[in-house]
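Since we're looking at a predicted model, the values are computed, not measured. Residue numbers begin at 1 in each chain, while the letters A, B, ... track the order of the sequences.
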2 protein chains.
Amino acid sequence: MKVDLRVYKTKEALRKALMILLKDKGLNSISVTELCRLANVNRGTFYAHYGQVENLFEEYFKSIMKDLGESYLEPYRHEQNLLSKNLNPSTIRIFHHIEHYQPFYRIVFSKTVPLSYYYLLFDHVQQLIRNDIREHYASGIDIDIAMLSAYQANAILGLAIEWHRQDFAQSAADMNRLLVRVLRV
Amino acid sequence: MKVDLRVYKTKEALRKALMILLKDKGLNSISVTELCRLANVNRGTFYAHYGQVENLFEEYFKSIMKDLGESYLEPYRHEQNLLSKNLNPSTIRIFHHIEHYQPFYRIVFSKTVPLSYYYLLFDHVQQLIRNDIREHYASGIDIDIAMLSAYQANAILGLAIEWHRQDFAQSAADMNRLLVRVLRV
DNA sequence: ACTTTTAGTGTACACTTGCTCATTAATTAT
DNA sequence: ATAATTAATGAGCAAGTGTACACTAAAAGT
């Protein structure tokens, strides 16, 4: 099933308009009306596709999450397990990923945005960790894997939050080294 | 300076109305109009005090955060350091705190709510951890304390998120025991 | 090329939002 | 008790929201 060209054009126009507006205002203060005005799309058309500005952003979000999954999952497999003590910093790509999409993550970590985006990010990282645990601790360790992976995934995101709060002052490589040292405490 | 009785009454009425509405709808789908209708408060009065529904909720939030700070900070001081290997589960009160205010935390952890509430919670836990680190690791360890505390605080919140996701199936005591085991992995 | 399908448009309506301001009324200070 | 203060009200306004529906036009299938 091919995508209707009209739909494609409409969505592109809206996405581009959103990116422009996001440069100087928060997601929640962008009205449907001004977005459509800028995108030259009828307001009714917007509602047919999205319903609210957040949903449009979410679509973009998911494409970026896909990048995190595809580009960064593979390297893990060929390296030491993710959270062991003899962790190789270069295997952890999440900070590089965030650095690469920095303008985007400034939005994701901004206070006014709904918690759902954080959860989408959390889910992805948790999944990466979960795979890692499954591979390296074999079948059964005596702890709930959902809980263990939630703990470790969110710990890393804690560093990302603090990184954001410090306005991304450190480089991604710095953050990797920092993670390794934190794991040794 | 005494609080004007009229102000007190208005805020009370609004807080109660909000609690009622929150029982069967999300924070973001509560309109100012319906809130004021239920509270018998003029819409203009609401805007004079809060500006948006979120700010009203935030006021309530902060009173609960105060409880987390006051009731749970003290016990830490007389126990082993918080995140050492010989941690006593009973010293960690955060899960009990969440359990106690469970209906409230169902809102805080719900997807549609702004990230700011999560940050308020994060800040408090980070502060607890930070104090703990300062006391037990003395003056200088070779790592950025902001980062280390962010890591550890958010790790614990990761467990809370997963707990919420599993609909608080475990008891707070279970969560404490789980934390101890996670720390030993 | 022609028909069918379906996305997008324009308009309309009832409602909410955020804000302002003169008026009313409750509370505080004397 | 009375005056001074200030919070709350009600009304009004321009703008945005969410939804509906007949229409127009672009794209897909043949």
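- Taking the side chain as every heavy atom from C-beta outward, Phe95(B) and His100(B) never approach each other to under 4.5 Å.
- One can place OH of Tyr47(A) at 16 Å from C1' of dT9(C), the figure rounded to the nearest angstrom.
- Between Asp144(B) and Arg181(A), none of the side-chain N atoms (NZ, or NE/NH1/NH2) sits under 4.0 Å from a carboxylate O, so this pair counts as no salt bridge.
- In this structure, Lys9(B) does not pair ionically with Asp4(B), as no charged nitrogen and carboxylate oxygen lie closer than 4.0 Å.
- Atom P of nucleotide dA22(C) and atom CG of Asn42(B) are separated by 16 Å, given to the nearest angstrom.
- Protein atom CD1 of Ile30(A) is 20 Å distant from nucleotide atom P of dT17(C), rounded to whole Å.
- Distance Leu35(B) CG to dG18(C) C1': 15 Å, rounded to the nearest Å.
- Regarding contacts with the backbone of dA7(D), every side-chain N or O of His49(B) stays at 4.0 angstrom or more from both OP1 and OP2.
- Listed in residue order, the members of residues 5-20 of chain A having a heavy atom less than 4.0 Å from DNA chain C are Arg6(A), Val7(A), Thr10(A).
- Applying the 4.0 Å criterion to OP1 and OP2 of dA7(D), one finds that Thr45(B) has every side-chain N and O outside that range.
- Atom P of nucleotide dT17(D) and atom CG of Asn28(B) are separated by 15 Å, given to the nearest angstrom.
- The nearest whole Å value for the distance from the CZ atom in Arg37(A) to the P atom in dT9(C) is 15 Å.
- Of the listed nucleotides (dG18(D), dT9(D), dA27(D)), dA27(D) has the atom at the smallest distance from the side chain of Asp4(A).
- Judged by distance alone with a 3.5 Å cut-off, a donor-acceptor contact links the side chain of Arg43(B) to the base of dG18(C).
- Nucleotide dC19(C) holds its C1' atom 14 Å from the CZ atom of Phe46(B), rounded to whole Å.
- Under a hydrophobic-cluster definition in which Ile, Leu, Val, Met, Phe, Trp and Tyr are linked whenever side-chain heavy atoms come within less than 4.5 Å, directly or via other members, Met19(A) and Phe46(A) are assigned to the same cluster.
- One finds a salt bridge joining Lys11(B) and Glu59(B) here, because a Lys/Arg side-chain nitrogen approaches an Asp/Glu carboxylate oxygen to under 4.0 Å.
- Within the 4.0 angstrom heavy-atom criterion, only backbone atoms of the sugar-phosphate kind lie near Ser31(A); the bases stay farther away.
- Of the two residues contacting DNA chain C, namely Ala48(A) and Glu34(B), the nearest-nucleotide position lying further toward the 5' end is that of Ala48(A).
- A close approach under 4.0 Å does occur between a side-chain nitrogen or oxygen of Thr33(B) and OP1 or OP2 of dT17(C).
- If you measure from atom CG of Asn55(A) to atom C1' of dG18(D), you get 14 Å, rounded to the nearest angstrom.
- Separation of the Tyr105(A) and Phe168(A) ring centroids does not fall under the 6.0 Å cut-off.
- A salt bridge links Arg165(A) with Asp123(B): the closest approach of a Lys/Arg side-chain nitrogen to an acidic carboxylate oxygen falls below 4.0 angstrom.
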